[in-house]
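Here is the structure we will look at.
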Amino acid sequence: MAKILKIRDLTLRDGQQSSFATRMTQEQIDRCLPYYKDANFYAMEVWGGAVPDSVMRYLNENPWTRLETIHKAIGNVSKLTALSRGRNLFGYAPYTDQIIDGFCRNAIESGLGIMRIFDALNDVDNVKSTIKYVKQYGGIADCAVCYTIDPKYPEPGFFARLMGKKKPAPVFTDAYFLDKAKQMAALGADMITIKDMSGLIPPKRVSGLVKLLKKHIQVPIDFHTHCTPGYGLASVLSAILADVDIVDTNCWYFAEGTGAPAIELVYLFCQKLGIELQANMEAVAKINGELKTIRKELELSVFGAEKPAPKAFNPLTDKLPAEIDAQFDRAIAAAKAEDEETLLDACHKIEAYFGFPAPNELVKNAEIPGGMYSNMVAQLKQLKAEEILPRAMELIPTVRLAAGLPPLVTPTSQIVGAQAVSCAMDEKAGRPIYTTKSSQFVNLVKGEYGKTPVPIDPEFRIKIAGVREETPYDTSKYQMQPNPELPEAGGVKLAENEKEVLLLELFPMVAKSYLTGVKVKAYQARKAEEAKVEAAAAEEKAAAAPAAQPITGHTVNAPLPGRVVELKVKVGDTVKAGQEVLVLEAMKMENSIPTDYAGTVKQILVNVGDNVQTDAILVEVE
């Protein structure tokens, strides 16, 4: 009997998120669903990740409706999958069991079959409660071990070597990942996913890891990767040869590049290997017929222009040129012989023939997630400091190790990347590194996200977070989001049922805006009215504001551009040197701004909500 390889299709969640900023509308998805019902995928990832936020924020659609609509169309043909960050669900801070319980129950009642649960620190304690509730309500608990690698540490200097100083020992070994998987299986995981969110796992490594997990764990193993650095297709082939149970793929027009490998290429490999692929490729071809048009629509709406698309291809009807067909055979032979160089070369030739993006050498060499790298570049452009990118990249291993060596996955990748940029900016300005730090970095070091892979030096923790001991997040102090009545909608509550309450808890600002729009049934009119009210308030505020007095004392200046989110002092307050005077949001992080001078606050030259540039005067102290 031929081996069966199950497919988890990512197109409608990770696929569109990786390539098209999660902008697929419900109408676009609906056009594909009749063919998805016939495709007979083992699973379809359609929810979680950025989907709930994006459909409210950008499309003015209801996340629960999206899940329910897809389930109504697909039924039980394919298990619908969502992505969840364990105790953090979609946010940065852990939630109470009450919220996790409600989220899991409502998701499963709305049609979810599998919850893929991961933790950014691979802290197994952070996935316990989600496993419990998913299984309690009849769902499948898919526990993901986040793949990451040890950073490239700088070589110890001459004197450091004389003192016996060595590079830190490797942490992210195969034994590390097996231990995490075993712990999750012991908690009741129904399947284990090797989650390579950065596409950094090479073919040999995934082959060995799959074999190791299959030997020691009795639940199915799924492999998830991306193609950004160029390993994706080759690593999936190696995982298949190592007897992985499930692989994650995208349909042709949403595949490869920053996304997962194309199912069509996996199908061709399986045909040559005598493996039965659990998917109806005729239906997949029809899905691609819709996706080709949707891709163009998304490119125009998201990027403003069409991008080069892969060559049209249907593996059921199109014949490969002999030289490309030979590359498939070459890749299989190389994978079996564990000849990684030849395997990668063959797969890159296949991808190039079809017009898929070439490997991103910058991401490959940097060995960090592509999204993390692009975020750092964008932040430095905003700061007009692109020249310090090399230094910020050099600082990543130092920052990451000091913070307990967290895996580089959302949100820790953003936290570490933003902090490396801040440290480089501090250094450039002649300040000690870590002078500027985000509240998220402080919370990570403090222990609020959970246990880091290596312990954090207590001296570093007290320097950054003001505490010596690891301090977990205290969920007993959790406060539910305000749920006011809306006079403009006839006095109804902002959130009228449990699903709306959950949206408000998980996405406070976005859900507040979205739900308000839904209640008044005139989202655009409300936004326009809000703009008028805000403009009038701004004019009134400007007219009433006293004129700034001449600067005669010491000033507190903005160390980087950002938005004022909180004032910690008022005019007339007595302050000490080093005391926090305001909070500045920059690079998606909240930065505490202290005064270097003791004295009395003479005047505050900014308001909450103001955007300020580097060196702008914020507060005067005399």
Side-chain angles (χ1 to χ4, degrees), residues 2-8 10 147 194 196 198-211 214 221-252 254-279 281 284 310-361 363-364:
K3 177 193 169 185
I4 297 176
L5 178 68
K6 294 179 179 179
I7 294 291
R8 185 191 312 238
L10 308 177
Y147 178 80
I194 301 169
D196 176 28
S198 308
L200 291 175
I201 190 167
K204 272 188 187 178
R205 185 81 193 271
V206 74
S207 175
L209 200 50
V210 169
K211 290 173 183 174
K214 293 284 290 182
I221 306 299
D222 189 325
F223 177 47
H224 171 97
T225 192
H226 289 249
C227 297
T228 316
Y231 295 129
L233 182 61
S235 292
V236 162
L237 174 57
S238 292
I240 292 169
L241 289 171
D243 286 331
V244 76
D245 299 286
I246 308 158
V247 294
D248 292 6
T249 63
N250 286 332
C251 292
W252 192 254
F254 279 39
E256 304 280 329
T258 52
I263 185 176
E264 293 79 4
L265 301 182
V266 173
Y267 170 77
L268 290 176
F269 278 125
C270 287
Q271 288 290 103
K272 288 179 175 289
L273 291 167
I275 294 172
E276 181 183 339
L277 197 71
Q278 191 184 59
M281 296 305 292
V284 170
K311 293 179 184 178
F313 178 66
N314 182 344
L316 298 179
T317 57
D318 296 335
K319 186 172 181 179
L320 291 174
E323 64 272 19
I324 299 303
D325 186 66
Q327 292 297 339
F328 280 87
D329 294 328
R330 181 171 171 245
I332 290 170
K336 288 180 177 178
E338 294 192 345
D339 179 356
E340 194 165 86
E341 184 177 348
T342 301
L343 169 58
L344 288 169
D345 181 70
C347 287
H348 292 164
K349 283 183 167 64
I350 292 168
E351 291 166 325
Y353 167 76
F354 287 112
F356 288 116
N360 186 319
E361 293 297 328
V363 171
K364 180 180 177 182

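Keep in mind that this is a model prediction, so the values were computed, not measured.
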### Task
Run the numbers on L277 and I263 for side chain to side chain contact (heavy atoms under 4.5 Å, CB included), then give the verdict.
CA-CA 10 Å; L277 197 71; I263 185 176; 4.0 Å; yes

### Task
Any chance you could lay out the side chain to side chain contact (heavy atoms under 4.5 Å, CB included) test for Y267 and L316, step after step, and finish with the verdict?
CA-CA 10 Å; Y267 170 77; L316 298 179; 3.4 Å; yes

### Task
Carefully, step by step, assess I201 and Y231 under the rule side chain to side chain contact (heavy atoms under 4.5 Å, CB included).
CA-CA 7 Å; I201 190 167; Y231 295 129; 6.0 Å; no

#### Entry: Step-by-step side chain to side chain contact (heavy atoms under 4.5 Å, CB included) determination, V210 to D243
CA-CA 7 Å; V210 169; D243 286 331; 5.6 Å; no

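Remark: I194 CD1 to L209 CG distance equals 4.0 Å, nearest 0.5 Å. To the nearest 0.5 Å, the span separating SG on C227 from CG on N360 amounts to 12.0 Å. Atom CZ of F223 sits about 5.5 Å away from atom CG of D196, to the nearest 0.5 Å. To the nearest 0.5 Å, atoms CG (L343) and CD (E338) are separated by 10.5 Å. Here CG of D329 is found 9.0 Å from CZ of F269. Values are rounded to the nearest 0.5 Å. Interatomic distance, CD1 of I7 versus CD of Q278, reported as 8.5 Å (0.5 Å rounding).
Although no hydrogens or angles enter the test, the distance criterion places a donor-acceptor pair under 3.5 Å between the side chain of H348 and the main chain of G230. No donor-acceptor pair under 3.5 Å is formed between the side chain of D345 and the backbone N or O of E341. With W252 contributing its side chain and L265 its backbone, the two residues share no donor-acceptor pair below 3.5 Å. The main-chain N or O of K204 is found under 3.5 Å from a side-chain atom of E340 such that the two form a donor-acceptor pair. Proximity of a side-chain donor or acceptor of H226 to a complementary backbone N or O of T258 within less than 3.5 Å is detected.
The side-chain heavy atoms of L233 and F356, taken from C-beta on, include no pair separated by under 4.5 Å. Two residues are said to be in side-chain contact when any heavy atoms from C-beta on lie closer than 4.5 Å; T228 and P357 fail this criterion. By the 4.5 Å heavy-atom criterion applied to side chains, R330 and I350 are not counted as neighbours. In this structure, the side chains of P203 and L344 come closer than 4.5 Å at one or more pairs of heavy atoms.
The minimum heavy-atom distance linking A335 with S238 is given by the pair CB-OG, 4.2 Å. In terms of heavy-atom proximity, L241 sits nearest to I332 at CD1-O, 4.3 Å. Counting all heavy atoms, side chain and backbone alike, D222 lies closest to V244 at C-CG2, 4.2 Å. Contact between A260 and N250 at its shortest, heavy atoms only, is N-ND2, 3.2 Å. The two residues P315 and M281 have their closest heavy-atom pair at CG-CE, 4.0 Å. Across all non-hydrogen atoms, the minimal contact from C270 to L5 is SG-CD2, 3.8 Å.
Residue K336 places its NZ atom among 12 or fewer non-hydrogen atoms of other residues, nucleotides or ligands, all under 6.0 Å distant. Residue K319 qualifies as open at atom NZ: its count of foreign heavy atoms under 6.0 Å is 12 or below.
We find that K214 and D245 are joined by a salt bridge, their nearest charged nitrogen and carboxylate oxygen being less than 4.0 Å apart.
Below 30°, between 30° and 60°, or above 60°: for F313 and F354 the angle between ring planes is between 30° and 60°, a tilted geometry.
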